[in-house]
Engineer: 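What follows is a structure written as structure tokens; I'll ask about it next.
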2 protein chains.
Amino acid sequence: MGALICQSLLMEGVAILNTLAYGLLSLLTNETYSGYDLTQRIQPFWPAKHSQIYPLLSCLEQEGYVRYELIKQNDKPDKKMYAITDAGKEKLREWLAVPPAEPALRDELLFKAFCLGSIVSPQEGRQLFEDRAAYCRSKLDYLDQKKKAIQQSAEWPSTTPVLNSPMFGIYILLDKGYRRFEAELEWCEDVLAMLEG
Amino acid sequence: MGALICQSLLMEGVAILNTLAYGLLSLLTNETYSGYDLTQRIQPFWPAKHSQIYPLLSCLEQEGYVRYELIKQNDKPDKKMYAITDAGKEKLREWLAVPPAEPALRDELLFKAFCLGSIVSPQEGRQLFEDRAAYCRSKLDYLDQKKKAIQQSAEWPSTTPVLNSPMFGIYILLDKGYRRFEAELEWCEDVLAMLEG
DNA sequence: CTTTTCATGTAACAAGTTACATGATTAA
DNA sequence: TTAATCATGTAACTTGTTACATGAAAAG
């Protein structure tokens, strides 16, 4: 798949990148990361497996949007640390100005919840929503911890988020995640209350 | 693609269905729908195009999980009204007991928001978040309207949602959507305030 | 007069997942 | 001793999107 993108060029010789590729470039704007790092960090924004990331990275490298340095390690396997190039930044800047596509949420719990009035028993429903509530709580714990870590870091000068800080982007995304799971947890708790009474 | 699923059988001769297939069966538990109807109604829960729905429906029909009646229309094209069969309900019931996979959210705005601290100008940021806020408001309007329509319908006996009603499932999903976009809108407004001050 | 809605389908392609492949270190 | 973590890659497959194909009615 990666190979195909590398070859697919517009008439002017401009490579066409997909959202995942722009996502990788976005993550690389502040720091250098290995393919392994990127695979983990991209999950909250755009779920993808390493088998999709690695070929895409070599493709971005061939196109000159990223470059890597091979880091030899003793205790762990060697790794390639990727950095965005000026061409990559330029490509990303163009994309940022394009209005984003509609967000896509795929959640099978919604189908199962839909069946609550018909073929799902309240018993099964309780199980489903208790599990999801627990999932939300674990996400909230994690995000809270991350937010606090940023607020205590050296690059975070004031109590309120500062636009000029490179941490600003990460901060508002953690905040987004927090609000998302907060709302979902409340929903789960309200549905559970309905299933009882 | 649909053809492949129709042929892929476990050793015991049991067809393997994907989430989209179970989603279609879920929607068919209360009412009969055409492929066209299903394509529209499934969007909020699991985005899919008609080119994916139609072959899947014929596949489900071949496996005996749904059945259709051909409805001839004068002013509009003829259509196939699909209904779930007993075998389909049994298949769905089995699936409902299986713990659901993690929800997958893919939203390119998140990447663009991430770049706010680095290469996105506050000007561009404002545009992005104002557009998303408007999108959320339109969704909230739509969902509010739908919720009110249910509350005023004949099948909705009391002021609070009733578990036994077949409307219960739809109601809690509309509620979920409402909370989701409410939280997202607040986030957009808070980020916009940060971009100003 | 052009676009949207209704309605169903297929073909070609892009995107995403699962499985295969390797291998050392470390924690449970 | 089993599993997880780190680290990179490929092959085979499934899932999802775009484009092609048709055509009448209604709304702007």
Side-chain angles (χ1 to χ4, degrees), chain A residues 1-9 15-24 32-43 45-62 68-82 101-102 104-106 108, chain B residues 1-9 15-24 32-43 45-62 68-82 101-102 104-106 108:
Chain A
M1 177 222 83
L4 281 167
I5 289 176
C6 287
Q7 282 158 18
S8 81
L9 305 166
I16 295 160
L17 301 184
N18 58 21
T19 309
L20 182 58
Y22 286 113
L24 293 171
T32 64
Y33 290 116
S34 66
Y36 188 88
D37 293 334
L38 286 165
T39 302
Q40 290 180 307
R41 298 195 185 248
I42 210 164
Q43 297 308 317
F45 316 124
W46 199 274
K49 310 284 172 183
H50 74 271
S51 53
Q52 209 180 356
I53 309 275
Y54 287 125
L56 239 191
L57 280 171
S58 19
C59 166
L60 288 171
E61 196 258 333
Q62 271 177 59
Y68 71 84
E69 198 188 344
L70 202 110
I71 307 292
K72 303 224 167 185
Q73 298 182 120
N74 307 8
D75 49 340
K76 297 172 188 175
D78 299 350
K79 61 179 173 179
K80 295 176 177 176
M81 288 302 277
Y82 283 90
E102 272 200 42
L105 173 67
R106 288 195 173 91
E108 37 169 300
Chain B
M1 176 224 84
L4 281 169
I5 289 177
C6 288
Q7 283 159 16
S8 81
L9 305 166
I16 295 160
L17 302 184
N18 58 23
T19 309
L20 182 59
Y22 286 114
L24 294 171
T32 64
Y33 290 116
S34 67
Y36 188 87
D37 294 333
L38 286 165
T39 303
Q40 291 180 306
R41 297 192 186 249
I42 209 163
Q43 296 309 315
F45 316 125
W46 198 274
K49 311 286 172 181
H50 74 271
S51 53
Q52 210 182 355
I53 309 276
Y54 287 125
L56 238 191
L57 280 171
S58 19
C59 167
L60 289 171
E61 196 258 331
Q62 272 177 59
Y68 71 84
E69 198 189 343
L70 202 111
I71 308 292
K72 303 221 169 186
Q73 297 183 121
N74 309 5
D75 49 339
K76 297 171 188 175
D78 299 350
K79 62 178 172 178
K80 295 176 177 175
M81 289 302 277
Y82 284 90
E102 272 200 42
L105 172 67
R106 288 195 172 91
E108 40 170 296

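Chain letters run A, B, ... following the sequence lines, proteins first, then strands; residues in each count from 1.
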Engineer: Whole angstroms only, please: what is the CD1-C1' distance between A:Ile16 and C:dA15?
Structural biologist: 15 Å
Engineer: According to a strict under-4.0 Å criterion, is B:Gln73 in side-chain N/O contact with OP1 or OP2 of C:dA7?
Structural biologist: yes
Engineer: Round to the nearest Å and state the distance from A:Lys72 atom NZ to D:dT8 atom C1'.
Structural biologist: 14 Å
Engineer: Starting at CG of A:Asn18 and ending at P of D:dT18, how long is that distance when rounded to a whole Å?
Structural biologist: 12 Å
Engineer: With respect to the side chain of A:Gln52, which nucleotide from D:dT18, C:dT17, C:dA7 is positioned closest?
Structural biologist: C:dT17
Engineer: Would you kindly compare B:Lys79 and A:Ala48 by the position of their nearest DNA chain C nucleotide and give the one closer to the 5′ end?
Structural biologist: B:Lys79
Engineer: To the nearest angstrom, how far is A:Ile71 atom CD1 from D:dA7 atom C1'?
Structural biologist: 13 Å
Engineer: Tell me if the side-chain of B:Ser51 makes a donor-acceptor pair with the base of D:dT18, cut-off 3.5 Å, by modelled atom types.
Structural biologist: yes
Engineer: Starting at the 5' end of DNA chain D, which residue's closest nucleotide do you reach first, A:Lys76 or A:Arg106?
Structural biologist: A:Lys76
Engineer: Please find the pair of heavy atoms, one from B:Ser34 and one from B:Lys79, that lie closest to each other, and give the distance.
Structural biologist: CB-CD, 4.2 Å
Engineer: Of all the nucleotides listed (C:dT18, D:dA7, C:dG9), which has the minimum atom distance to the side chain of B:His50?
Structural biologist: C:dG9
Engineer: Please determine, for the side chain of B:Pro77, which listed nucleotide (D:dT15, C:dA19, C:dA7) has the closest atom?
Structural biologist: C:dA7
Engineer: Measure the distance from OH on A:Tyr68 to C1' on D:dG9 and round it to the nearest whole Å.
Structural biologist: 12 Å
Engineer: Can you identify which nucleotide, out of D:dT10, C:dA7, D:dG9, has its nearest atom closest to the A:Lys80 side chain?
Structural biologist: D:dG9
Engineer: How close do A:Leu57 and A:Gly35 get, heavy atom to heavy atom, and via which atoms?
Structural biologist: CD1-CA, 3.6 Å
Engineer: Base, sugar-phosphate alone, or nothing: which one does B:Lys49 contact when heavy atoms must sit under 4.0 Å apart?
Structural biologist: base
Engineer: Less than 6.0 Å separating the ring centroids of A:Tyr82 and A:Tyr33?
Structural biologist: no
Engineer: Looking only at side-chain N and O atoms, does A:Gln40 come under 4.0 Å of OP1 or OP2 in D:dT5?
Structural biologist: no
Engineer: Side chain of B:Tyr54: nearest nucleotide among C:dG9, D:dT15, D:dT8?
Structural biologist: C:dG9
Engineer: Without decimals, in angstroms, what is the distance between B:Asn74 CG and D:dA25 P?
Structural biologist: 10 Å
Engineer: Provide, to the nearest angstrom, the distance between the CD1 atom belonging to B:Ile53 and the P atom belonging to C:dC6.
Structural biologist: 16 Å
Engineer: Hey, does the side chain of A:Glu69 reach the backbone of A:Lys80 with a donor-acceptor pair shorter than 3.5 angstrom?
Structural biologist: no
Engineer: Do any side-chain nitrogens or oxygens of B:Trp46 fall under 4.0 Å of OP1 or OP2 in D:dG16?
Structural biologist: yes
Engineer: Taking all heavy atoms of A:Ile71 and all of A:Met81, pick out the closest pair and write down the distance.
Structural biologist: CG1-CG, 3.5 Å
Engineer: Mind checking whether B:Ile53 and B:Leu20 have side chains closer than 4.5 Å, heavy atoms only?
Structural biologist: yes
Engineer: What's the OH-C1' distance between B:Tyr82 and C:dA7, to the nearest Å?
Structural biologist: 12 Å
Engineer: What's the closest nucleotide to the side chain of A:Tyr36 if the choices are C:dA11, C:dA15, D:dT5?
Structural biologist: D:dT5
